[in-house]
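Taking it in order: structure first as structure tokens, then the write-up.
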Amino acid sequence: MATSGQRYIGKDEKLIPIDDPSGKWSELYLLPEWEEKCYDVYTVKKYGKWVMLKVLKKEYADKPEYQAILEKEFDIRYNLCHPNLVMVNDLEVVPGVGKAIITDDVYGYSLRRLIDEKRLTPQIVHRLQTQLLDAMQYIQENHIQHVPITPESIFFTEYNENLKLGDVGFAQSDSLSEQDTRKDIESYGKVINEVLDNLPTSLPKLRKIARKCMDKDHPYRTVSDLQLAMERRNSAQLYIFLCCFIVMMAALLVWLVRG
């Protein structure tokens with residue numbers, strides 16, 4: 001694993017020459033895995049510290065309407081603060097790439113890549129059940145409109161596998177419609193269902209929740225309802241574990257007494 005001053009660079013990630021006599025910017029890499037519809041994403045060192053850049057693709061960079069979209073997204077996301085969102089820090093011109101949204105360094109691996117490479121773990125599943133729902137709840141509470149959540153927009157950081165939700169915040173309104181909320185929940189169900197399709201084990205209760213999310217008449221009106229269903233599922237698992245533990249201890253005690 002890379003140390004704090006180093007970075008493992010994947011085979012698809014491209015080093016981009018950068019000419020900055022000031023020394024502020026260095027080691028610029030294009031990250032194809034992170035690209036969005038209108039944006040390219042880079043990792044780069046700013047004063048020797050890794051950050052990430054979100055930049056309009058070349059075909060959009062000179063169009064005023066897309067420049068306005070970039071600036072609007074910065075304005076919306078700048079005041080958002082949640083540990084499971086990609087946090088925005090600044091908007092500035094970077095040599096060689098142009099005007100860029102500067103974000104925290106959340107370099108890592110997309111859920112899509114982890115699925116495709118069969119690298120899903122229990123920890124990742126747990127974070128989808130908890131951290132992803134926390135992020136969804138936060139953006140809904142702040143009335144943030146965004147593109148559908150997909151495995152391509154969910155990332156796990158390189159060092160500690162914390163979940164980060166990207167590609168959020170193209171508009172903000174006074175309130176979200178019930179349809180917006182339901183779409184989020186349906187997207188979540190699709191993500192969980194695909195993850196379950198690629199696990200080596202069966203999780204029937206989680207599958208049931210995922211299918212309910214995808215049902216147009218699903219019972220989850222809000223993310224809070226969905227979180228409550230997850231907590232009940234986890235509580236049931238804990239209850240079963242405790243019952244099994246008690247039975248095992250009782251059997252051990254009987255064996256010791258008879259011995």
Side-chain angles (χ1 to χ4, degrees), residues 1-16 25-36 39-55 73-74 77-90 94 100-139 142 144 146-169 184 187-188 191-192 194-195 198-199 223 227 230:
M1 181 173 288
T3 63
S4 59
Q6 299 174 323
R7 165 143 296 161
Y8 169 78
I9 300 298
K11 60 183 178 63
D12 296 326
E13 294 163 13
K14 182 181 178 182
L15 177 64
I16 307 297
W25 303 97
S26 62
E27 297 186 50
L28 176 69
Y29 287 88
L30 176 66
L31 306 178
E33 184 178 1
W34 286 71
E35 74 172 14
E36 300 175 15
Y39 298 107
D40 285 326
V41 178
Y42 299 81
T43 183
V44 66
K45 280 187 175 180
K46 179 182 180 182
Y47 293 124
K49 179 181 178 181
W50 288 107
V51 297
M52 296 179 75
L53 311 177
K54 187 172 180 178
V55 183
E73 180 168 341
F74 170 76
R77 294 182 58 186
Y78 183 72
N79 291 316
L80 298 180
C81 183
H82 191 277
N84 300 119
L85 296 183
V86 177
M87 303 295 294
V88 167
N89 296 327
D90 209 344
V94 179
I101 294 175
I102 316 297
T103 77
D104 286 346
D105 176 35
V106 291
Y107 179 84
Y109 310 100
S110 69
L111 178 59
R112 167 60 59 214
R113 179 173 175 179
L114 295 174
I115 290 172
D116 291 346
E117 296 180 357
K118 302 186 185 304
R119 293 169 53 194
L120 296 172
T121 65
Q123 183 181 43
I124 286 171
V125 175
H126 177 69
R127 288 181 172 166
L128 290 169
Q129 294 176 253
T130 53
Q131 293 182 347
L132 179 54
L133 287 178
D134 287 345
M136 290 170 58
Q137 176 79 337
Y138 178 81
I139 59 179
N142 285 274
I144 305 299
H146 57 92
V147 298
I149 296 168
T150 66
E152 286 79 11
S153 62
I154 300 168
F155 294 87
F156 293 87
T157 55
E158 181 181 18
Y159 296 108
N160 52 22
E161 289 188 344
N162 275 333
L163 184 147
K164 297 286 184 178
L165 181 59
D167 199 8
V168 297
D184 267 359
S187 295
Y188 179 81
V191 168
I192 296 298
E194 183 174 357
V195 166
N198 289 274
L199 287 179
V223 175
Q227 287 175 314
M230 284 293 184

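In this text, all values refer to a predicted model and were calculated from it rather than measured experimentally.
- Within the 4.5 Å cutoff, the side chain of N162 has no heavy atoms near those of the F156 side chain.
- Every residue was checked against the salt bridge (charged side-chain N to carboxylate O under 4.0 Å, His left out) condition with D134, not counting sequence neighbours, and none meets it.
- Residues I139 and L85 form a side-chain contact, since some pair of their non-hydrogen atoms from C-beta on lies under 4.5 Å apart.
- In this structure N89 satisfies the side chain to side chain contact (heavy atoms under 4.5 Å, CB included) test together with D104, sequence neighbours excluded.
- The backbone N or O of P83 sits less than 3.5 Å from a side-chain atom of K164, completing a donor-acceptor pair.
- Separation of atoms OH (Y107) and CH2 (W50) is listed at 8.5 Å; rounding is to 0.5 Å.
- Panel note: side chain N84, backbone L163; a donor-acceptor pair is recorded below 3.5 Å.
- With sequence neighbours excluded, no residue forms a side chain to side chain donor-acceptor pair (under 3.5 Å) with T103.
- Summarising the geometry of L133 relative to M230, their closest heavy-atom pair is CD1-CG, 3.8 Å, with the distance given to 0.1 Å.
- The closest donor-acceptor contact from the side chain of Y42 to the backbone of I16 lies at 3.5 Å or more, if one exists at all.
- Taking E35 as the reference, K57 meet the salt bridge (charged side-chain N to carboxylate O under 4.0 Å, His left out) condition, with sequence neighbours excluded.
- Residues that satisfy the salt bridge (charged side-chain N to carboxylate O under 4.0 Å, His left out) test with K54, not counting sequence neighbours, are E36, E73.
- By the side chain to side chain contact (heavy atoms under 4.5 Å, CB included) test, E152 is found to be paired with R112, T150, residues two or more places apart in sequence or in another chain being considered.
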TODO: Show your reasoning for whether salt bridge (charged side-chain N to carboxylate O under 4.0 Å, His left out) applies to E161 and R127.
DONE: CA-CA 9 Å; E161 289 188 344; R127 288 181 172 166; 5.0 Å; no
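- Side-chain contact check for V125 versus I192: every heavy-atom pair is 4.5 Å or farther apart.
- Formation of a donor-acceptor pair under 3.5 Å by the S153 side chain with backbone atoms of I149 is not found in this model.
- No donor-acceptor pair closer than 3.5 Å links the side chain of T43 to the backbone N or O of M52.
- Here the two rings, on Y47 and W25, have centers that are 6.0 Å apart or farther.
- Here the side chain of R77 pairs no donor or acceptor atom with the backbone of M87 at under 3.5 angstrom.
- Minimum interatomic distance between E33 and G108 (heavy atoms only, all atoms of both residues): OE1-O, 4.4 Å.
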